[in-house]
Amino acid sequence: MINIDARGLRCPQPIIELGKQISTLNSGDQITLYSDDPATEPDLSAWSRMTGNKFSKIEDEKFLITKN
Amino acid sequence: MVRVTGNFQSESPLHPKAFEVLHAAFENGWADPRKLSQSGSKANQVKNQAIESIAASLKVPVDSIFAFSSMTLGYYLGLQGLLTESLTLVHGATDRKDIFAIASRSSHHVLPSALDGKLISPDQQSRNSVLALSVANAETGVIQECEEIIRSVNPDRIFLDATASGIRVQGINNYSTAIFDSRSWYGPSELGLLVIKDKSQWSNPLPHLNAAHPNFEASLPLLLASAVAIENFSSEVEEANLRARKFNSQLRDSFAQIPDVDIAGSLDSSLPHLLSASFLNCNGEELLRGIQGDGFSVDSGSACTSDNLEPSHVLAAMGVLTHGNIRIAIHPDATQSEIDGLISSVKNNVERLRA
């Protein structure tokens with residue numbers, strides 16, 4: 001499991017960091033993303049639709065992403 | 001009033017005929033139309049003619065229309081004036097923030113948006129409700145299925161927000177109050193029109209002494225300029241829509257060829273002159289600056305371009321990517337070479353930012 005701590009980073013940086021990391025993974029691998037940017041949650045929703053990867057919100061500022 | 005506008009920004013230019021009227025009014029001066037002097041009577045006559053002209057263009061009775069000076073005031077007058085303690089406000093997730101502000105003070109229910117920007121009609125009707133309904137969204141241009149939403153909500157009263165659609169979309173008549181923004185027909189800013197269809201459903205929400213006389217006013221020169229603008233744009237709107245649709249289609253087709261782009265809504269169900277597109281992994285502010293450097297001014301709904309660092313609530317409600325966003329307004333004076341230049345600029349800047 002990879003952790004990305006993007007707290008303090010503003011959009012689109014959390015999604016860019018996520019995109020870099022996920023490109024190195026295999027299908028089914030997971031990433032935990034920490035982000036306090038208000039744009040991250042709506043952008044994760046759009047990003048997962050566009051890329052086919054899945055995401056769920058675990059708690060405030062913490063998201064679990066599963067590679068397609 | 002007379003605005004400094006970018007070529008593709010939402011702030012619309014003033015119609016040339018309206019500019020002439022505005023210029024003449026400020027040069028010659030004007031009397032207070034409420035005074036009984038000869039010049040005051042003349043000013044009142046001119047004011048009434050302007051109201052009659054606007055009412056005719058909007059196809060509403062002349063005694064149902066009132067001018068006001070700020071759009072925030074217009075939302076308050078039009079919507080708050082319909083609300084009572086026993087009524088629930090039903091409105092859309094993509095509505096203007098002014099409507100959210102009014103909703104925060106009363107019992108309310110928000111209709112969610114689908115990915116295409118259309119509001120999702122509720123399964124159950126909302127008895128004892130006021131429906132606030134935006135005909136079209138000012139950011140994305142998405143036009144709502146108004147009749148279907150009205151039928152499914154079945155409200156007691158309807159507030160129609162026609163500020164973005166203006167006279168580009170017509171035919172929705174079963175409302176209690178409606179507001180229009182003069183800028184939508186290339187009239188001056190700081191001027192809106194409130195239409196009160198059913199006076200028995202509306203009460204002036206501003207502190208007032210005489211309910212029969214609205215205590216809000218608008219500048220006479222702005223009203224005259226707005227009347228001239230709507231008279232002229234009424235005869236131009238069909239051609240303007242066709243021309244904007246052609247350019248909009250070119251922009252959408254070109255952007256769709258760029259990988260990882262998220263275009264909000266479809267052209268078939270949107271105002272022809274508006275477009276919102278988001279590019280994955282691009283910083284909205286840097287994209288805006290890059291495009292600006294090429295001589296094109298556009299707007300953005302990305303968080304990094306807003307004062308409060310919040311992303312566009314419209315894009316978020318739709319589920320459209322909020323970062324790397326640009327909003328484009330195609331005005332009547334846009335040219336093919338400008339559109340071609342804008343397409344090249346967007347492509348080059350997206351490529352540069354992703355490198």
Side-chain angles (χ1 to χ4, degrees), chain A, chain B residues 93-94 97 112-117 139-140 255-265 276-290 300-326 349-350 352-355:
Chain A
M1 170 82 77
I2 292 176
N3 290 326
I4 301 173
D5 188 353
R7 283 173 288 202
L9 297 180
R10 292 290 164 235
C11 83
Q13 220 48 45
I15 300 293
I16 290 177
E17 293 301 322
L18 176 62
K20 280 182 192 164
Q21 292 287 344
I22 209 159
S23 64
T24 66
L25 301 183
N26 296 316
S27 178
D29 288 350
Q30 294 188 311
I31 292 176
T32 305
L33 172 70
Y34 297 88
S35 173
D36 55 3
D37 178 29
T40 293
E41 190 172 349
D43 275 2
L44 274 177
S45 172
W47 175 83
S48 66
R49 171 175 50 78
M50 293 168 78
T51 62
N53 300 305
K54 308 283 180 225
F55 94 99
S56 58
K57 185 176 182 178
I58 300 171
E59 56 191 61
D60 267 1
E61 303 180 4
K62 186 177 179 183
F63 306 91
L64 181 68
I65 292 93
T66 306
K67 175 148 179 172
N68 185 27
Chain B
T94 54
K97 287 282 180 142
S113 168
L115 181 60
D116 63 3
E139 282 188 36
T140 62
F255 293 168
Q257 291 170 15
I258 300 173
D260 295 326
V261 63
D262 209 8
I263 299 175
S276 171
S278 304
F279 300 90
L280 187 66
N281 295 337
C282 287
N283 180 301
E285 186 180 6
E286 290 178 24
L287 184 55
L288 222 63
R289 287 186 196 282
S300 173
S302 294
C304 53
T305 62
S306 70
D307 290 343
N308 59 6
L309 295 178
E310 292 280 341
S312 154
H313 75 283
V314 174
L315 299 179
M318 291 171 68
V320 170
L321 194 68
T322 72
H323 75 244
N325 175 262
I326 55 170
N349 280 289
V350 168
R352 176 179 60 81
L353 291 170
R354 283 177 175 169

Worksheet item: Side chain, backbone, both or neither: which part of Leu115(B) has a heavy atom under 4.5 Å from chain A?
Response: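 Only the side chain of Leu115(B) comes within 4.5 Å of chain A.
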
Worksheet item: Less than 4.5 Å apart, any side-chain heavy atom of Pro311(B) and any of Pro38(A)?
Response: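 With C-beta onward as the side chain, the pair touches.
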
So which N and O atoms of chain B and chain A form donor-acceptor pairs under 3.5 Å?
| residue | atom | partner | partner atom | Å |
| --- | --- | --- | --- | --- |
| Asp262(B) | OD1 | Arg49(A) | NH1 | 3.2 |
| Asp262(B) | OD1 | Arg49(A) | NH2 | 3.3 |
| Asp262(B) | OD2 | Arg49(A) | NH2 | 2.6 |
| Gly319(B) | O | Arg49(A) | NH2 | 3.0 |
| Thr322(B) | N | Asp43(A) | OD1 | 2.6 |
| Thr322(B) | OG1 | Asp43(A) | OD1 | 2.8 |
| Thr322(B) | OG1 | Asp43(A) | OD2 | 3.3 |
| His323(B) | N | Asp43(A) | OD2 | 3.3 |
| His323(B) | ND1 | Asp43(A) | OD2 | 2.8 |

